[in-house]
Structure formats: C-alpha cells, structure tokens
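Okay, handing you the structure first.
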Amino acid sequence: MRMRQVHLDFHTSEKIPGIGSAFSKEQFQSALKAGHVDSITVFSKCHHGWAYHPSTANRMHPNLTFDLLGAQLEACREIGVNAPVYLSAGFDEKEVLDHPEWLNVNPDGVETATFSKPHYHLMCYNTPYLDKLCAQVEEVMERYHPCGVFLDISAPRRCVCASCVKSMLRLGLNPDDPADIARHGEMVYAEYCRRIEKSVRKYSDTATIFHNAGHITHGRRDIVDFDTHLELESLPTGGWGYDHFPMSAAYVRTLGKEFLGMTGKFHTSWGEFGGFKHPNALIYETGLSLAQGAGCSIGDQLHPSGEMNMSTYKLIGAAYEQVEKKEKWVKGAVNYADIAVLSCEAYMQDGRSGAGNDANVGASRILLEEKQLFNIIDQQSDFAPYKLLILPDRIRVDEALRARLEAYLAQGGKVLLTGESGVAADKDEFALDVGARYVGRSAYTATYMIPEYECVNGRTSYVMYEQSYDIDDVTGTVFAERNNPYFNRQPFFFSSHRHTPNNPEDVQPAAVIKGNIAYIGWQVFRDYAMVGELHVKELVAYAIDQLLGDERRVRVTLPDRGVVTVAHQEGRDIVHLLFAHTTKRGKNVEVIEDAVTLPNVQVALRADKKPSKVTLVPQMQPIDFTYEDGRVRFTVPEVTLHQMVCVEE
C-alpha cells in the first residue's frame with residue numbers, strides 16, 4: 001500500500017460553471033510532486049451524482065467539456081502516482097427528483113426525503129439504483145482500469161421504502177419489527193457489496209475495493225471482509241479529536257488488513273474551501289498514523305475549476321517529505337501490545353452508536369495517557385498474546401466467555417474488570433473468583449472513592465460520577481473503598497450545588513485484587529470519558545501496575561499528551577515517540593500550531609538481549625544506551641512532534 005495518499009474530494013453542483021476549465025496536467029503533476037504524494041483518489045462520480053468523464057452509465061457534469069478523470073489518471077501514470085477512483089455510492093442528488101422511489105426511508109422518520117434544507121439524500125440499494133451504480137462501476141473499470149475503487153457513504157441501513165417492505169414480506173420478515181428491519185438492511189448491504197465486487201472483478205483481479213462508512217464497526221468482521229484494505233476516517237479538527245484515531249487503529253490493526261489513517265488539510269472538516277491547518281499539525285498527524293501501524297491519507301477538496309491549490313500541496317509536502325524519509329522503518333512493522341481491551345461496541349453490538357462508545361473511549365484515553373501498549377479486540381480475537389485483558393464497564397460474561405477467560409487465566413493471563421463486567425450474563429453474581437461477592441448496582445450516585453495507595457492529592461474521598469456497584473464477603477486485597485453520600489439528590493431534597501457530600505460513616509469495599517484478577521466497582525472508563533478526573537486514571541493505573549508489574553514492555557518520560565508505540569520489524573524494534581501541544585479554537589476545534597520540543601526523554605525497553613546499537617531515525621544518529629536486567633535504557637535528546645528510535649538486535 002502506498003504510504004503518502006491524498007483523498008481529493010470533488011463534489012460540484014450543476015449550478016457552478018466552468019468545471020475543470022483551469023485543469024492543467026503539468027500543474028496537477030507539479031502539485032503532487034510538491035506534496036510528495038504517491039497516491040491520489042480521483043473522482044468518477046460525486047455526491048451530486050455527476051460523472052467527470054464521458055459516460056453512458058451516468059451523465060457527465062453539464063458544465064464539464066472534457067474527460068477530467070481520464071486526464072487526471074494520465075497525469076498520475078506519467079509520474080508513477082497511484083490513482084484509485086471514487087464513486088459516491090450512497091448519495092446521488094441528480095436522481096432524487098427523477099426517482100424518489102429509490103430513496104432510503106428511515107423507519108424513525110428522520111428527514112431523508114424532504115427538501116426543507118440543503119443536504120444530501122440517501123439512496124436505497126434494494127432498488128434499481130443499485131443496477132445503475134454497478135453499471136457506473138463497470139464502466140469505470142472497463143474504460144480506465146484503475147488500481148482501485150473507493151465507494152463512499154456505504155453501510156448497512158434500516159429502510160422501509162416500498163421495495164424494502166415488499167422484500168421483507170416476501171422473506172417472512174415484519175416491516176414493523178425494528179430487529180427485522182435491521183436484519184433486512186444487513187442482507188441488502190451484503191448483496192450490494194457482492195455486486196460491487198463482481199463488477200470490479202469482471203475487469204481486474206487486483207484492484208482494491210473500499211466501502212467507506214466513516215467508522216469501522218468493532219466486531220463486524222463480516223463487513224470488513226468486503227474491503228481489500230481499510231481507511232480510517234478521523235479528522236481531528238472535524239469533530240473526531242486527537243484521541244479518536246489511536247482508538248480506531250488499536251482495533252483495526254488486529255484484523256490482518258493494511259490500513260490508512262485519513263486526516264484532512266482543512267481547519268475544520270470535509271467541504272471546507274479555503275481552510276488550512278498549520279504544517280505542524282499534519283506532521284504530527286501523519287507521524288501518529290505511522291506510529292499506529294498505518295499508512296497516511298490526507299483529505300483535500302479540488303476547486304471546481306480543476307486547478308490544484310499549491311498552498312495546500314506545500315502544506316501536505318511539509319508532512320509527506322518527512323513520511324517519505326521514515327517509510328523504511330515502518331513498512332512491514334507489527335505493533336506490540338501488552339494489553340487488550342475487549343471492545344464494548346463489539347460485545348454489546350451497539351452498532352454505529354458504538355463509534356463513540358464511552359467505555360471504549362475512556363479505556364483508550366487512560367491507556368494512551370499512561371503510555372501503555374494496547375490493542376482493542378473483539379470476540380474472535382485470541383487472548384493468548386496479551387499479558388492483561390481489560391473488560392470495560394459493561395461486559396457481562398456468558399458461558400463461552402467464562403471458559404475462555406478461565407483458560408487465559410490458567411496460562412498466566414491477568415484480567416481487569418470494572419463496573420458490571422465480570423458479572424454472569426444470566427444471574428447477578430461474578431462469573432469468576434474476583435475475591436468478593438457481587439451484590440448489585442448501588443442505590444447511590446454520585447459516590448466517593450477512598451484509595452489505599454498513594455495519590456497525587458493524598459488519601460481522601462474522591463467523587464465518582466458514574467454508576468457504582470456493591471460488593472461484600474471480600475477474600476481478596478482491597479485497594480479502594482467507597483463512601484456513599486448522605487442521600488441521593490432530588491427535588492426539594494438536596495444539598496449544595498451539584499451532589500450530596502460523602503458520609504464518612506458509610507465505608508465499604510469497592511476495588512479488590514485476588515491473584516491475577518482485579519475488580520473496580522465503578523464504571524470508571526465511562527467516568528473518565530465523560531469527566532476525565534485524575535483520580536480515576538490513578539485508580540486504573542494502580543490496578544494495571546499491580547497486575548502487570550515488571551512485565552510492561554516500555555516505560556517513558558512523556559507528558560500525558562505524549563504517545564508511545566513500539567513496533568517490530570525483522571531484526572529490530574522501532575520506538576515511536578510523539579508529542580503535540582493542542583489547543584481549542586472557536587467553540588470546539590482542537591488545533592496544533594506550535595511544535596513544542598521535549599528534551600531528554602528517557603526510555604526503558606524490555607529486550608531479550610543487549611542490542612547492537614540504538615539509532616535515531618531517519619536522522620541516522622547513534623545514541624548511547626545501557627542494558628541491564630532485561631531492559632535497554634537510553635535518552636532521546638529531543639522529541640519534536642514525532643521521533644523514531646531504531647533498536648537493532
């Protein structure tokens with residue numbers, strides 16, 4: 001897979017004149033060279049529905065007078081740049097008025113078929129629209145022979161249009177039953193994917209296929225199997241934030257497919273003309289992709305005139321010039337992980353709501369900030385490679401999972417359970433011996449945590465905002481206790497501004513460790529995702545440290561916003577160190593401008609034997625190191641945005 005890709009959006013209304021009128025092959029190539037780009041996704045069909053080439057399966061944009069797609073593909077071939085072709089699969093605005101019967105009809109009555117505001121309209125794949133779309137794909141494959149196709153706005157949907165209702169009735173499904181509607185939507189999506197693949201494979205055995213839905217759903221390997229590779233859409237300034245991509249990558253890298261981290265050059269998000277990040281932001285974001293085991297993709301949007309914006313490609317080039325130098329230490333590398341988080345989204349099957357699943361978010365944030373090496377896994381993943389398994393907040397244990405956990409523990413694995421996790425699926429008791437008896441959900445919120453270990457702010461009562469759980473009959477070691485409030489806050493029965501103070505006389509066990517299992521009786525990961533209290537992170541970090549001890553692969557002196565990953569290539573380990581100072585602009589835009597240099601970052605890395613050398617790359621600067629007690633220790637003179645260190649065996 002090419003490592004320096006651009007996703008070139010080109011959604012242009014028929015109301016705009018002169019489409020492609022300023023396109024120049026030489027200028028297009030100059031931009032790609034300035035950007036150090038080795039692959040660019042170009043458009044056959046946009047959300048408005050228009051083709052950007054002569055077409056019999058579609059209609060060419062009425063204000064385009066030549067084969068723009070063909071010209072772009074020729075320009076790319078001449079300079080050795082890959083060019084997958086984009087087709088909007090979920091939107092087609094020009095067909096909406098002619099074929100309203102092809103629209104997706106949401107059973108919840110969400111506006112998808114009205115025109116009271118400017119927005120795109122979803123099309124239903126269970127209509128003749130799919131025939132039209134497949135014909136468009138085949139036309140592109142036959143005429144242009146691209147290296148791949150990118151199908152956008154593609155995901156299983158719930159639909160009760162006339163075609164779907166007829167289909168459900170024919171299959172014995174109930175159009176009034178939400179479960180049957182969802183089941184039918186899965187069937188429709190699978191058929192869409194099969195037909196798209198057939199259309200592509202009719203002309204190429206090697207072309208890549210990717211269906212973009214903006215999120216790779218945890219646990220849905222059946223959906224992932226329709227893709228040849230994955231592209232993780234995660235624009236930090238577009239609402240995703242800077243901790244979303246590492247969470248998404250932590251799951252995807254367990255699936256055995258190559259993948260890209262897709263960010264954007266925009267100040268905000270897709271559809272923005274004239275918006276630019278600071279170059280330091282893209283340098284950091286592309287470095288983060290490499291550190292998480294991904295290639296890089298940067299989103300841009302071509303002006304309707306067809307002229308590439310050279311400021312954009314100077315900006316992209318600032319990042320991709322560095323990526324180009326780093327590639328040899330990234331390709332084929334496999335990230336280490338000490339810890340696996342069993343995804344709540346995968347286990348609970350929350351669907352798209354799981355994209356921001358609070359337990360997953362909180363777990364990922366704590367592990368990133370604590371500089372732990374981790375993956376996020378689903379039910380099909382093997383537990384054995386991991387030293388510690390975390391079940392965050394909501395995962396009740398059925399018989400199949402209990403058997404797997406017992407086998408994992410018998411082989412020396414460690415388990416951290418929080419909240420309701422670890423409780424049997426069919427009865428209110430722990431499925432494993434956690435060193436206490438499960439009583440049930442506490443009647444109080446908020447409650448208070450009293451640590452039995454050293455905290456930054458000492459031993460006191462710390463507020464916990466999320467649900468707590470009662471335990472008794474403790475046989476393990478208690479490492480945190482709980483105070484309840486005097487009473488729950490109610491209308492005409494409350495105290496102070498927010499929540500009732502703790503009752504010092506009401507003390508009970510709340511967190512316990514026994515052998516290789518630790519249990520924390522709060523939904524701590526949701527709590528951290530929602531509020532982010534220091535003492536919650538300290539509580540989780542203490543439990544992890546008690547379980548992992550010296551088995552932890554790496555320790556570093558990076559601040560909380562720093563990121564560390566370690567990957568293995570043949571004959572060497574690559575340590576990635578990242579740090580960026582982020583700040584909020586406007587109401588909710590998180591940006592990076594200043595490159596704050598961290599001096600003298602210390603690293604202690606587990607190694608089976610003394611390495612032959614330790615080198616800063618790509619600078620090729622050797623640094624001093626020591627080796628003792630199974631760890632190689634060295635100091636990185638400075639980290640500016642992204643620094644790699646090669647530890648040769």
Side-chain angles (χ1 to χ4, degrees), residues 1-8 32 37-45 51-58 67 69-90 125 129-156 186-213 216 220-233 252-260 262 293-297 327 331-332 334:
M1 177 175 287
R2 298 290 177 96
M3 302 290 289
R4 291 169 276 118
Q5 302 200 23
V6 163
H7 186 95
L8 188 64
L32 298 182
V37 175
D38 61 11
S39 180
I40 184 167
T41 303
V42 290
F43 270 43
S44 163
K45 173 194 172 188
Y52 295 94
H53 54 87
S55 176
T56 56
N58 197 0
D67 186 350
L69 174 62
Q72 291 172 327
L73 291 172
E74 179 183 350
C76 289
R77 279 194 297 269
E78 287 183 358
I79 60 173
V81 172
N82 273 6
V85 171
Y86 174 106
L87 295 98
S88 180
Y125 296 142
Y129 171 72
L130 181 57
D131 300 326
K132 192 173 189 70
L133 178 63
C134 289
Q136 293 166 355
V137 171
E138 290 195 23
E139 181 179 69
V140 166
M141 295 302 301
E142 181 179 22
R143 182 176 297 176
Y144 299 106
H145 309 288
C147 63
V149 291
F150 183 108
L151 288 304
D152 204 8
I153 320 298
S154 303
E186 298 283 352
M187 297 165 64
V188 169
Y189 182 74
E191 178 63 14
Y192 148 79
C193 289
R194 284 190 288 267
R195 289 195 54 189
I196 291 294
E197 182 171 18
K198 183 178 178 180
S199 296
V200 172
R201 296 293 169 240
K202 183 176 178 181
Y203 300 96
S204 172
D205 294 330
T206 59
T208 59
I209 303 171
F210 178 63
H211 302 274
N212 183 48
I216 308 301
R220 293 303 308 273
R221 297 195 183 200
D222 56 330
I223 293 178
V224 167
D225 286 344
F226 291 120
D227 299 308
T228 58
H229 69 287
L230 300 172
E231 304 192 23
L232 310 189
E233 190 175 353
V252 165
R253 62 172 170 253
T254 69
L255 302 180
K257 288 181 181 282
E258 290 185 298
F259 67 103
L260 299 171
M262 181 188 285
C296 306
S297 176
E327 286 178 3
K331 290 182 177 179
V334 178

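Everything numeric in this text was worked out from a predicted model, so none of it was measured.
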Output for pair (I223 CD1, C193 SG), nearest 0.5 Å, gives 8.0 Å
| task | Evaluate the side-chain contact (heavy atoms from CB on, under 4.5 Å) criterion for residues L69 and Y144: first the C-alpha distance (whole Å), next the side-chain angles of each, then the deciding distance (0.1 Å), finally the verdict. | result | CA-CA 9 Å; L69 174 62; Y144 299 106; 3.8 Å; yes
Quiz prompt | Output field: ring centroids F210/H229 closer than 6.0 Å | solution = yes
Inset, instruction - Apply side-chain contact (heavy atoms from CB on, under 4.5 Å) to E138 and E142, showing your working. - result: CA-CA 6 Å; E138 290 195 23; E142 181 179 22; 6.0 Å; no
- Item | Side chain proximity check, M141 to S204, heavy atoms < 4.5 angstrom | yes
inquiry  = If you define the side chain from C-beta out and look only at heavy atoms, does anything of V6 sit under 4.5 Å from L32?
reply    = no
Assess the residue pair R201 and I209 against the criterion (side-chain contact (heavy atoms from CB on, under 4.5 Å)); give the C-alpha distance rounded to whole Å, side-chain angles, the decisive distance to 0.1 Å, and a yes or no. CA-CA 10 Å; R201 296 293 169 240; I209 303 171; 3.7 Å; yes
Sorted by chain and number, sequence neighbours left out, side-chain contact (heavy atoms from CB on, under 4.5 Å) with D38 holds for R2, R4, Q5, E327
- Any ion pair linking E74 and R77 (charged N to carboxylate O, less than 4.0 Å)? no
Item checked: Working for side-chain contact (heavy atoms from CB on, under 4.5 Å), residues M1 and K257 -> CA-CA 11 Å; M1 177 175 287; K257 288 181 181 282; over 6 Å; no
Are S44 and Q136 packed together at the side-chain level, in the sense that at least one heavy-atom pair is separated by less than 4.5 angstrom? no
Of all heavy-atom pairs linking V188 and Y125, the shortest is CG1-CB, 3.8 Å
Contact between P146 and P84 at the side-chain level, heavy atoms closer than 4.5 Å - yes or no?
no
Output for pair (T208 OG1, E231 CD), nearest 0.5 Å, gives 7.5 Å
Item checked: Side-chain touch V252/V224, heavy atoms, less than 4.5 angstrom -> no
Worksheet item: Under a 4.5 Å cut-off applied to non-hydrogen side-chain atoms, are E139 and H53 in contact?
Response: yes
Check your understanding: Do S154 and Y189 have side chains that get closer than 4.5 Å, going by heavy atoms?
Key -> yes
In F226, Y192, Y86, the residue satisfying ring pair (Phe, Tyr, Trp, His ring centres under 6.0 Å) with H211 is Y192
Output for pair (L87 CG, N58 CG), nearest 0.5 Å, gives 8.5 Å
Value for CZ (R221) from CD1 (I216), rounded to nearest 0.5 Å, stands at 13.0 Å
Correct closest heavy-atom pair for C134 and I196 would be SG-CD1, 4.2 Å
In this structure, CD of Q72 is separated from CG of D67 (nearest 0.5 Å) by 9.0 Å
- Answer yes or no: is there a side-chain heavy-atom contact under 4.5 Å between R195 and V137? no
